[in-house]
Structures are given as C-alpha cells and as structure tokens.
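Residues take their numbers from the sequence shown, with the count starting at 1. Atoms within each ligand, like the ligands themselves, are counted from 1 in listed order.
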Amino acid sequence: MRLAIQAVFLLATLMWLVAAQADFYAVLGLKKGASDKDIKKAYRTLSKKYHPDKNPGNEEAHQTFIEIGEAYEVLSDEEKRGKYDKFGHEGLKNGGGGGTNPFDLFAQFFGGGGGGQRRGVPKGPNTETHIDVSMKRMFKGFDMDLQVNLQGICSSCKGSGSADGVNHKCDGCDGSGVVIQVAQMGMMIQKFQQQCPKCQGKGHLISNPCNKCGGQKVQREDRKYNVYIEPGTPRVHSYSFEEEADKSPDHVAGDLIVQVREAPTENMGYRRRRNDLFRTEALSLKEALHGGWTRKIPFLDEESEVVLSRKKGEPTQHGHIEVIKNHGMPQMGVDDSHGDLYIKYVIVMPMGASSKVRDEL
Ligand SMILES: [Zn+2]
Ligand SMILES: [Zn+2]
C-alpha cells in the first residue's frame, strides 16, 4: 500500500516535471507552424533582449536566455523540429536538444564567433556607415550587396607588424615598457617612471617591419556584406554586424553599423510619414469648379497608377484631402498591410489672367 502511494507520488512528480518544460514555440512567442524566417527573427530579438550581458545579476533573464537557446536549437533544425512537432519534448529524449552551450549558439548566430572565451578583452569602437536608399526601393524591398572599406588585420604579418613574425624585446626598457628617470633638483633626487620612449611603452620592438603594412599591423580592405531591405523599411533604419568594425590586434572589433536612410530623390512626388504617404495634386480653378477631369499618377510600385477623378459638375475645395485607404507604404514584416495615401488638392489661381479668362470660368 505504502509502495503504491509512493509510486503515485513519483508519477505525479514526473508529470509535473514534463509539464514544467515550456513549449518551444511559446518560448519564442510563436505558434506551431511558424516559418523559419519567423523563428530566426524571434531568436534574434529575444536572445539579445535576455542576454546576461544586458541583464547583469538577473537570474531570471539568464534562465530565459538558456530556454530561448534550447528552443531555437530544436526549432532551427529540421530533423529535431519534426520530432518535436510529432512527439513533443518526449521525442527529443534521445539525442535531442539542449546540447549546445547557449552562448556558443548566440555567437554562431550573430557571427563574429568567440563567445565567452574573449571576455575581458576590450571591445573597440563601432564603425558607422550610411547608405541612401530611394523610397521606391524601400517600398518594394530588395536584397542589397554592399562593399565597405574598413581597417583589417594585415594579411601578411597576421597583425604582428613584423616581417619575420618575431617581436624583439626592447633594449631600452628590457621589455618592461617603462624607464626610471632620475632628476636632481638641488639637494633633492627625484625618481620617476616614464613610458619607454624607444618602444612607446610596448616593451618590444619590431626590427624587421612587415613590408606590406610597414609595421602598422593593419591594412585597409574592402569587405562585402548583404542587407535585406524589407518592404516598408523605416526612413532611418540600422543594421548591426557584430564585431565587424575596424579591426586591430589590440582589441575585439566593435560592431559595424549600417544605417539605411531614405534618399531625398526618386520619391516620385510622394512624401512619407511612417507608413502613410502624402502627395499634393494641383488643380486649375476650372477643374476645381466644374470637375470633369482624370489624373493617372505613377505609383511607387512602378507598376500601378493612382487614378484620381471627378465627374463633370463635381467641384473640389482648395485644401481638400482625399484618403485612399491601404495605399501607403507596406508595414514592415506584415504581409499585405499598408498605410494610407493622402492626396491634398491645391487650386492654382489664374493670377494675372485677363477678365476674359475669368469670365470663361
Ligand atoms: Zn603587416
Ligand atoms: Zn622599451
């Protein structure tokens, strides 16, 4: 009897444990059947948000970060995801998920590698660059290859600065980087430490400098990146490439920030505020008073036209705003959702026209 009670208790505990493991989709804020793109996107956002570096001392965030890693590891792997979809956590028991260190996973995803092992090495400054993109390209979205000229580690000496790869100990300071200066001022003798002038405090000298970089350890180089500009990308939007800034052997590279800005040209007469588009259409006084006109205006998709018209006898007020619903910029990341298009009519008065013209109106 007692054994039976224990067994029931054990079973209940096991069931609780199974129930306690959160659903991987829910962890990433997704529904079953989410696309690979959604999974990547969710991981990108959440893993950054809950990374322990951003939440120092917050144990709960740390736990969440680990769970996000586990969920992503399974859902980003076709085979593991298939098993998980069919059998749930049970399906992953043999050779299942949770094998990869969540920090390594994070480093793999965001590139740059290294993860934890380079902690403590100072991170260099970020490098920022910007690119102007026309509104019509932001409307349609496109894949953009870009080339950025950045500082890299010299490929010839691998950042040592030395042609023979050897750094010689500085004889000015015996490798310590500092020298003791003695100054006598009257009766007083003062000793003070100074940075070694011969090696600038480095403690070593390059007797045979690399002939590619002249001992500078670094070189300029063109690097290629790819950015996907989503339809409806905001007017100013930044993309970050981790540890891809100017490189130096003395520090971990900072991030390369590519800022995409809406160019002032090629907007085809449209203006934009968030996802809404604005445009001014001029009417003659005659058109405003009597109607009976049609305008066909090229649209940002470069395929369709915005058709505006008034029947004969249909007047238009100066300053009237016509709203064309769902004909603005696409909403980034949301399919088939657009802002609105606002057309403002202005009436061009026939200034200086003769009284004859005015009588005709
Ligand atoms: Zn070199
Ligand atoms: Zn020295």
* What do the steps show when you test Y239 against Q259 for side-chain hydrogen bond (donor to acceptor under 3.5 Å, both in side chains), and what is the final call? -> CA-CA 6 Å; Y239 299 83; Q259 191 181 75; over 6 Å; no
* Asked: How open is the angle at the Zn ion (ligand 2) from atom SG of C196 over to atom SG of C199, rounded to 10 degrees?
  -> 100°
* **Angle at the Zn ion (ligand 1) (to 10°), with one arm to SG of C157 and the other to SG of C210** => 110°
* Parallel, tilted or perpendicular, as decided by the 30° and 60° cut-offs, for the rings of F278 and Y342 -> parallel
* Examine R279 relative to Y270 and say whether NZ or CZ is less than 6.0 Å from the centre of the six-membered ring and inside a 45° cone about the ring axis. => yes
* **Min side-chain heavy-atom separation I321-Y345 under 4.5 Å** => no
* Is the Zn ion (ligand 2) under 2.8 Å from any N, O or S atom of C170? -> yes
* Just to the nearest 10 degrees, tell me the angle at the Zn ion (ligand 1) spanned by C154 SG and C213 SG. => 110°
